[in-house]
Each structure stands twice: as C-alpha cells, then as structure tokens.
Amino acid sequence: MREYVMALDQGTTSSRCIIFDKKGKIISKEQKEFEQIYPSPGWIEHNPMEIWSSQLGVAMEALLKAGLSYRDIDSIGITNQRETTIIWNKETGLPIYNAIVWQCRRTAPIIEKLIKDGYKDYVIKTTGLIPDAYFSASKIAWILDNVANARELANEGKLIFGTVDSWLVWNLTKGRVHVTDYTNASRTMLYDIHKLDWDDKLLEYFNIPRSMLPEVKPSSCLFGYSDTTVLGGEVPICGIAGDQQAALFGQCCFEEGEAKNTYGTGCFLLLNTGNKAIESKHGLVTTIAASLDKNDINYALEGSVFIAGASIQWLRDGLRMLKNASQSEDYTKSISDTEGVYFVPAFTGLGAPYWDPYARGTIVGLTRGCKKEHFIRATLEAIDYQVYDVLAAMKEDACCDLVSLKVDGGACANNFLMQFEADILNVEVHRPSCIETTALGAAYLAGLCTKYWKNKEDIKNNWELSKNFIPNMTCTEREKLLKGWKRAVKCARAWGEDDE
Ligand code: ADP
C-alpha cells in the first residue's frame, strides 16, 4: 500500500527527507549537513555530487528508520534552496563546475553592467525581479565564461543548466528528465513570468543557449519516475517548488491576501496575490507561487529581511550573551520594555523595503540603566520591526489589509517574538503545530497530483493551530514604538552616507 508521501527538502546547509502521512503528520525524518565551500571572500559554492549523495542518503535512511520501502511511497515532492546554479554535461551527467550558491556575490559586476546597459526596467517588467547577483542568470553566464571549453560545449548542445530541483530530478531519473517548475524558473532572472516562457532578449544578453534550459511545468504534475536503481523501484515525482513558495503552500495560503512569514536566519514574507502579478513600488519582488495548472497561475509578492534569527546567533556566539537561542525569551520576562533602546541589525546592509547595502548595525537609545536584558529584548523586537516594514510595503503594493499572518521557521518557537509581532503589526499571528511547512508544501504538491489528497480543502483540514497570538497593544503605544524604530533605521543608514 502506498500510504505515505516523501518530501525531499534540499536546503542551503543541509539535505532533509521527511515522510508524511495523510494527516500531514511526520512519520520519519532524516537530515544531513554538507560542506560549504568558500573559494574567496563573498564566494559560496556547494559540490553538486554531495548535494545529490546527501539527499539520496537521507531518503534511504528515512525509509529504513520507519521500516518502509519505496512500495510504501505514493509520490515524491521536492523543495529546494532557490537560485543556486548547476551546469552539467548531459552526456556524462557530470557537473562542469561547483554549484554557485544564491548567497554568492561574485557576479555583482555582471549585474552592474546589466544595469548600466539599461536593462533594469526590462528585468523588473519581464521577470518580476530586481536585477541582482542573487538570481541564477549571472551565475550561469559566469560559469560559461570561466570554465574551459564551456561556451563551445554549450553551443554544441552538450551542457544543461538546472536549479537544485532540476539536478535532483535528473539524478533521480538517471538522466531521463530535465525539468523545473514555475516557482524555480521565476527565480532565474531569465523567465518571463507573464508569458510563462524563457525570455529571448535576456538569454541573448547573457549569451545562454535556450537548449541548456529545462522544460518548465506547474508545481504539481508528473515530472517523471525515480529510476529502479535509485530507491529500489519506481516512484512518481509529482511536486516541485522553491523553498519559500513551498512554505506558502504548506501553510495553506491558497487564497489571494493570505500571507506567511518564515523566521529563520533571515525572514521571508510572501503574500499570495492570486492571478495578479503585482509590480512593487516599494522594493519587493514579484514571483510565481506554487501553481497547479498553467491556466491558473498564482503570483506572490516577496520581501526578505537579511538578518533575523542570525542576530540571535550573534548574541550567542559573537557576544556570548546567551547559551542558546531559546534563552532569549527568558531574558525578556524580567523587563517590561527596552527603556528606549533600539538595535538595527543591518550587518550586511538592509533588505526590503530599503535595499541599502551601505547601512550598518546600529544601537541607539542607551542610558546608564541599560542591561543585557534590554539589549536582548531590543534584538528580538528588531526582528519584528523589520517584518513590520516589509508588511507595510506589501500592504501599499497590494492595496490590501492583512487580518492574520501564518508563521514558521526555527525562531517562531519564541513566544515573546510572536506576541510582540502581533502587537506591532496589529494582526493575529497564527503558529501551526507543524512548522516543517516547507517539506509539507512539497508533499502536498506531490500528493495532490496523484489524488492522495483529493483537493485543497482536504489539505486545509490538516492545518492545525498550535498557538494564536492576539494583538494587545494600544494604538498610541504602537505609534510611539514605531517612531523610535524609524529613527533608529535612519541612524543605521546614516552610517553609509558620504559626508565629504
Ligand atoms: P534556517 O532554515 O534559515 O537555517 P531555522 O528555521 O532552522 O533557520 O531557524 C534557525 C534560526 O532561528 C537561527 O538563526 C536561530 O538563532 C533562531 N532561533 C531558533 N530558536 C529560536 C528562539 N527560540 N528564539 C529566537 N531565535 C531562535
């Protein structure tokens, strides 16, 4: 009996496999970290073979641990770190270079040139993205320009490109299938998110042959079957979505106006905008959300905060103020506010809606009475304020008011963080009992295709609330606090100003 669905969750620091049952409960889970390669400052790579071997390893271990085999698995769903770029030879199946990871900044000069060449508006209009080295396009161009013979091989049709989902499917099917889904394609900066096709003008600009690109399909459809030599027998691969879009789906944000925020290293806030691709006026990107049908495409607005949970790690490892991240909540209990202290963790500049690469971490409002507790609380509050800024931008772009926000990610376990978020946003914050929403989203996409789950309603019944945080702050108090935050952000941004 094929009673379970397998989710392969290929993240930036680890590969995970989670096996779910029909209720969306976790039956088995395995995780393996892999090497981060830093060839020069600001450069980050992964070994594609290690991505594949760690992913296959955890899939086998998750099956074994639960006493299952491929015969128990209805279907496979894949979710992945987005934008990370792999190019391999389709005859040998071997990568010609390491995977260039989304965080890698090596191609910043290529993007500067793109902007100088007048392509900024075109990129925004066509791909929904703000031109940046973060997306795949410039990474593909870099590999083709810097690996010996790569251009020739590409022109001969021997090389192919994929984001991590494509690479996994290629290996699962032993080189029979070269595909991706709309969500991943929409992060390459080569895909026209309105026409649903690779864009010839951008392909030409980056000198990338169309023959290298995968076929793009809806997030829930039959992509192929795992080869018998891989898991022991054939299992249909029926779901693919990039991690943030998978989480939006796993949170059951199926309707226009529904949003989720993931509190991890950074924060990723996604708002489902239905069939409308809204162009942001406030520094957000427009992206394709997990869609089941090419005639019914769902779009989302996305805003990212660079430093969220990472600031708590810094308190722990850099300042040694905490033994572990969850202790931060205990420190908030003995004080009722920060006594006017604000911390802006702009360690690497500020993301949406500011996009200020020159801002730097800033602490303001110190008085002689300031204690460690105030500093820790200010750090947690800063995560919430940053989410407030992104959400305010979203509300203006989408002209809608949010009534509730669904949350996930490691830091959403912190009750203080969630209550202060509800207070400052003045919306209810809903924390589900399963916070593995990324993997769950991939599983749902696969199981919807095979009718393991009948429809979205069937899935919605699985969403279970663990805790609801209700706003409990006066308007005057909120406005006073936000005014202080805005002043603190101004100070953080003033650091980058050239006063000569
Ligand atoms: P990622 O997937 O980005 O690696 P996770 O979703 O695993 O991140 O969340 C880990 C992050 O959340 C870390 O940066 C950690 O500091 C933070 N974190 C984890 N637990 C808590 C907590 N209880 N309070 C505050 N921050 C936390």
Side-chain angles (χ1 to χ4, degrees), residues 7-18 26 29-36 44 46 54 58 79-84 101-103 134 164 242-248 250-251 260-270 302 304-333 343 345 347-348 351 361 372-373 375-387 406-422 429 431-432 434-442 466-467 469:
L8 303 180
D9 180 356
Q10 207 303 305
T12 309
T13 56
S14 71
S15 297
R16 291 157 8 117
C17 173
I18 304 186
I26 295 174
K29 176 169 153 181
E30 276 303 318
Q31 175 162 358
K32 189 165 192 279
E33 287 193 10
F34 55 85
E35 194 191 352
Q36 307 290 313
I44 310 185
H46 294 155
S54 59
V58 290
T79 179
N80 55 291
Q81 51 166 319
R82 303 176 300 175
E83 299 102 11
T84 295
V101 179
W102 56 274
Q103 296 144 318
Y134 176 24
V164 171
D243 52 11
Q244 298 309 323
Q245 286 96 330
L248 188 69
Q251 287 273 28
K260 70 93 199 171
N261 188 32
T262 302
Y263 296 80
T265 307
C267 273
F268 289 93
L269 185 54
L270 266 77
E302 174 173 330
S304 35
V305 169
F306 298 148
I307 303 288
S311 61
I312 303 297
Q313 274 169 340
W314 177 69
L315 292 187
R316 188 194 62 192
D317 306 335
L319 302 190
R320 297 197 199 105
M321 278 194 182
L322 298 168
K323 287 203 185 70
N324 52 54
S326 63
Q327 215 187 21
S328 60
E329 186 175 340
D330 302 334
Y331 278 107
T332 61
K333 290 183 179 147
F343 171 47
F347 298 141
T348 53
K372 171 174 164 177
E373 283 80 354
F375 191 70
I376 293 169
R377 183 172 168 138
T379 308
L380 287 169
E381 289 187 0
I383 299 177
D384 291 332
Y385 288 129
Q386 293 183 94
V387 174
K406 289 176 171 171
V407 296
D408 51 45
C412 88
N414 189 309
N415 290 314
F416 170 79
L417 187 70
M418 294 301 104
Q419 183 58 51
F420 192 78
E421 190 72 278
V429 168
R431 185 170 66 201
C434 177
I435 56 173
E436 294 288 0
T437 47
T438 307
L440 189 57
S466 146
K467 199 166 161 58
F469 298 87

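In listed order, ligands and their atoms are each counted from 1. Basis for what follows: all heavy atoms, side chains included, without hydrogens, waters or symmetry-related copies.
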What is the closest protein heavy atom to [atom], and at what distance does it sit?
atom	result
atom 26 (N) of ligand 1	Ala411 CB, 3.5 Å
atom 11 (C) of ligand 1	Gly264 C, 3.9 Å
atom 21 (C) of ligand 1	Ala325 CB, 3.6 Å
atom 25 (C) of ligand 1	Asn414 ND2, 3.6 Å

(request) Assess the pair Phe343 and Tyr385: is the distance between their ring centroids shorter than 6.0 Å? (result) no
(message) Side chain, backbone, both or neither: which applies to Ser328 and ligand 1 if a contact is any heavy-atom pair less than 4.0 Å apart?
(response) side chain
(request) Please state which part of Ala308 comes within less than 4.0 Å of ligand 1, counting heavy atoms only: side chain, backbone, both or neither. (result) neither
(request) State whether Glu373 and Arg377 are salt-bridged, where the test is any N-O pair (Lys NZ or Arg NE/NH1/NH2 against Asp/Glu carboxylate O) under 4.0 Å. (result) no
(request) Could you tell me whether Arg82 and Glu302 make a salt bridge, using a distance below 4.0 angstrom between a side-chain N and a carboxylate O? (result) yes
(request) Search all heavy atoms of Gly264 against all heavy atoms of Ala308 and return the closest pair with its distance. (result) O-CB, 3.9 Å
(request) Locate the shortest heavy-atom distance separating Cys412 from Arg431; write the atom from each residue and the value. (result) O-NH1, 2.7 Å
Decide whether an N or O pair under 3.5 Å exists between [X] and ligand 1.
X	result
Gly309	yes
Thr265	yes
Gly410	yes

(request) Mark up the atoms of ligand 1 that fall under 4.0 Å of a heavy atom belonging to Gly409, in ascending order. (result) 6 (O)
(request) Enumerate the atoms of ligand 1 whose separation from the nearest heavy atom of Ser326 is less than 4.0 angstrom. (result) 22 (C), 23 (N)
(message) More than 12 heavy atoms of other residues, nucleotides or ligands under 6.0 Å from NZ of Lys323: yes or no?
(response) no
(request) Consider ligand 1: state whether an atom of it lies below 4.0 angstrom from any non-hydrogen atom of Gln313. (result) yes
Flag, side chain of [X] to backbone of [Y], donor-acceptor distance under 3.5 Å:
X	Y	answer
Ser328	Ala325	yes
Gln386	Ile307	yes
Gln251	Ala247	no

(request) Would you verify that at least one protein heavy atom lies under 4.0 Å from atom 3 (O) of ligand 1, or report that none does? (result) yes
